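Just so we're clear, the structure is a prediction, and the values are computed from it rather than from any experiment. Residue numbers count from 1 along this sequence.
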Amino acid sequence: GWVYESTPNNGAVTQTEARLELAREAGAAALVLLKNDEVDGGKLLPLQVPEDGAYKVAVYGHFADPGTGKMFLGGYSCNMGESAYENMITPYAGLKEAIQEVNPDAQVDFYKGFTSGNSASQLTALDEEAIAKAGDYDVVFVYVGTDSGTANEQGDRSTLELPGAQNDLIRAVAAEN
């Protein structure tokens, strides 16, 4: 009979330029903006990055920059091996690149936001020192999510609540900025 064998590289060519472009298009079409309040007389998004001068952006959340090979792209039969790493751009790296493309002098900083854990359920202790810095920035992003420990094909989540203290991180950063 047939035996499934999982290997880091089974020789299949799945990352063609056409497929990557389709994935980009699908991702852009799938974004949903729930709220876009007025800030200083204009909408917050799209972000208005000044072309020069001081501009400070903070990106909070473990999942904004989890490290090479640790980006969670979905636990439902979407486990990417080393061959995919060169095409992965973390939210922090993507934001920093896009902002500094418009304003090379912009400061874009990353804060994990937690002093505990490296998985969604372990993100329980807020980094109060990092959170206090949120007020020093022109714009703040908070990036939250799940990982294979809290969402995978073998076991669905029993709640839509974010794991760990990620909701608390959102509220704390919002209170500072």
Return yes if a side-chain donor-acceptor contact under 3.5 Å exists between D109 and Q107, otherwise no.
yes
Side chains of residues 95-103: which donor-acceptor pairs under 3.5 Å do they make with residues two or more places apart or in other chains?
{"residue": "Q100", "atom": "NE2", "partner": "A106", "partner atom": "O", "Å": "2.8"}
{"residue": "N103", "atom": "OD1", "partner": "D105", "partner atom": "N", "Å": "2.9"}
{"residue": "N103", "atom": "OD1", "partner": "A106", "partner atom": "N", "Å": "3.4"}
{"residue": "N103", "atom": "ND2", "partner": "P50", "partner atom": "O", "Å": "3.1"}
{"residue": "N103", "atom": "ND2", "partner": "G53", "partner atom": "O", "Å": "3.0"}

Flag the pair [X] / [Y] as yes when at least one side-chain heavy-atom distance between them is below 4.5 Å, and no otherwise.
{"X": "Y60", "Y": "N177", "result": "no"}
{"X": "Q166", "Y": "F63", "result": "yes"}
{"X": "D168", "Y": "L126", "result": "yes"}
{"X": "Y111", "Y": "D127", "result": "no"}
{"X": "L20", "Y": "L22", "result": "no"}
{"X": "D37", "Y": "L44", "result": "no"}
{"X": "L169", "Y": "I131", "result": "yes"}

Can you name the residues that form a side chain to side chain contact (heavy atoms under 4.5 Å, CB included) with D65, not counting sequence neighbours?
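D65 satisfies side chain to side chain contact (heavy atoms under 4.5 Å, CB included) with T90, Y92, F110 once adjacent residues are dropped.
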So, the side chain of S116 versus the backbone of Q122: is there a donor-acceptor pair under 3.5 Å, distance only?
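Here the side-chain-to-backbone pair exists.
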N/O donor-acceptor pair under 3.5 Å between D147 side chain and S119 backbone
no
Give a yes or no on this: more than 12 heavy atoms of other residues, nucleotides or ligands lie within 6.0 Å of atom CD of E161.
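Not more than 12 within 6.0 Å, no.
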I need the minimum non-hydrogen distance between A64 and Y143, along with the two atoms involved.
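Closest pair (atom of A64, atom of Y143, distance): N-CD2, 3.4 Å.
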All heavy atoms of A132 vs all of E176, minimum pair found to be O-OE1, 3.8 Å
Lys/Arg-Asp/Glu bridge criterion (N-O < 4.0 Å) met for D136, K133:
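Salt bridge absent between D136 and K133.
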Carboxylate-amine/guanidinium contact K112 E129, below 4.0 Å:
no
Go through the steps to decide whether E25 and R19 satisfy the test salt bridge (charged side-chain N to carboxylate O under 4.0 Å, His left out), and finish with yes or no.
CA-CA 10 Å; E25 288 178 28; R19 287 181 176 176; over 6 Å; no
